[in-house]
Amino acid sequence: MTATSIAALVREDLRGLTAYGAPQLDVPVRLNTNENPWPPPEPLLAEMAVALPRAAAELNRYPDREALALRAALAGYLGGGLDVAQVWAANGSNEVLQQILQAFGGPGRRALGFVPSYSMHRLIALTTATSWVQAARDADFGLQPAAAAAAVVAHAPDVVFLAAPNNPTGTALDPAVLTAILEVAPGIVVVDEAYAEFASRPSLLPMLRGHPRLLLTRTMSKAFAFAGARLGYLAADPAVIDALHLVRLPYHLSALTQAAAVVALRHAEETLATVARVREQRDRLLTALPALGCTVVPSDGNFVLFGGFPGAVPDAPTVWHRLLQRGVLVRDVGLPGWLRVTAGRPAEVDAFLAALEGVLS
Ligand SMILES: *Cc1c(COP(=O)(O)O)cnc(C)c1O
C-alpha cells in the first residue's frame, strides 16, 4: 500500500488534525514545556536505585492493576481526608483526560473549553470523537462567573474543561467561576490543576465535597520534577473512578512506573522545596519582561505568557525563531502576538532575557 492510500484509510474526522508537537530540540536553554528545571533530589534517586531493581525482579508478573499502593500514596499527598477510592492514576494526566472523555464524551457528545487554554483538551476531545465547542476568555484571559455559566447553558456540554492555573496564560481560576459553572453544568466538570503546586491560590480540592460531578486532574510532570516518568492522577467521586475502569486498558500502569512514583511521593517535601525557587524565577520574568518593553500576563504557574514586542520585531513566530538561533527554546502556543516561557534555573532565565534583549534591539 502507498502512503496516500493509508492516509485515505484514517478516520475522516481525524484527517484535518495536527498532532501535538511541542518541538524537542537539543538546544542549551529549553524553556518550552514547563517542567521543573531542577532534577529529582539525591535521596529520591538513591531510594529509586533500590526500588526499581526490586520491581524489575518481578517483571514476569503483571503489575497491580488497581495501583493501590500508589493511589493510597497520592491520596495521602493530596490530604483533605481523601480515600484511595477517590483517587485514580494513569500515564500522565493526558491519559487521565483521555479516559475521562472515553467514559463521559464520545460520539454524539460535546466538550466545552474556555480558550485560550491547554490545547490537549480540544485535541483529546476530537480524537475520542467528542465534539468540541469553545467560549472565549476576557481580553485579560480571565473568566467572569455569569459569562462562563451562560456559555455552559448555551452549549449544554457533557464535559466542561477548566484549568487552574490556566495554561498558557497562567491565569488563576476564581472559585466563584467554578461554583457558577457547577450550578448549571449538565455533565462532568473537569478542573485541570497541572500547576497547582506553583499557585498562590489554594487547590480547588475542597470543592469535591458536595459536587460529585467535579473532577480534579493533577500531574507529577510539573512541580514534582517527574515528567519523564509519566504519572498523572485524578481526585473525584468513587463513581467516577468506577466509570474510568470501563475504559482503562488492563494493567495500564507499569510496575516500574508505580514503584518509581511511590518513591517520588515519599520525597515530595524535598522535591517541592524547589517550587519556591521556581516561583522566584517566574516573578523575575514578570518584572524583567516589562522592563524590556514587553507585555506580560500575571501568572500563578511556572511560566509566563509575554507579548507586545516593542520595536521593529514583526511577530511572535519571528521572535521565537530568533530566540532559537540564540540557543533559547520557548513556546509558540499559536496565540497571535504571544509567546510562553518557562521559569527555568537562574542561569537559564539570564540567558533567555539576554537573548530576548538581543532580538528586540
Ligand atoms: C503539562 C500539562 C499537563 C500534563 O500532562 P501530563 O500528561 O501529566 O504530562 C496537563 N494539563 C495541563 C494544563 C498542562 O499544562
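All of these numbers come straight from a predicted model, not from anything done at the bench. Counting starts at 1 for both ligands and their atoms, following the listed order.
Atoms of ligand 1 found under 4.0 Å from any heavy atom of Ala194 (numbered from 1 in listed order, with element): 2 (C), 3 (C), 10 (C), 11 (N), 12 (C), 14 (C).
Annotation: atom 3 (C) of ligand 1 to nearest protein heavy atom, Lys222 NZ, 3.4 Å. Looking only at protein heavy atoms, the nearest one to atom 15 (O) of ligand 1 is Tyr195 OH, 2.6 Å. For atom 9 (O) of ligand 1, the nearest non-hydrogen atom of the protein is Ser221 OG, 2.7 Å.
Side-chain polar atoms of Glu66 and His245 form a donor-acceptor pair below 3.5 angstrom. No side-chain N or O of Asn91 forms a donor-acceptor pair with one of His252 less than 3.5 Å apart.
A cation-pi geometry, defined here as NZ or CZ lying under 6.0 Å from the six-membered ring centre and within 45° of its normal, does not hold between Arg110 and Trp132. In this structure, Arg340 satisfies the cation-pi test against Phe303, with its NZ or CZ atom closer than 6.0 Å to the six-membered ring centre and inside 45 degrees of the ring normal.
From Cys294, atom SG reaches atom CH2 of Trp338 across 9.5 Å, with rounding to the nearest 0.5 Å.
For atom 5 (O) of ligand 1, the nearest non-hydrogen atom from the set Gly92, Ser93, Ser119, Ala90 belongs to Ser93.
Judged by the shortest distance from any of its heavy atoms, Arg230 lies inside the 4.0 Å radius around the atoms of ligand 1. At least one heavy atom of Asp192 sits closer than 4.0 Å to an atom of ligand 1.
Counting heavy atoms closer than 4.0 Å to ligand 1, residue Asn94 contributes atoms from both its backbone and its side chain.
Taking 4.0 Å as the cut-off between side-chain N and carboxylate O, Asp300 and Arg279 do not count as a salt-bridged pair.
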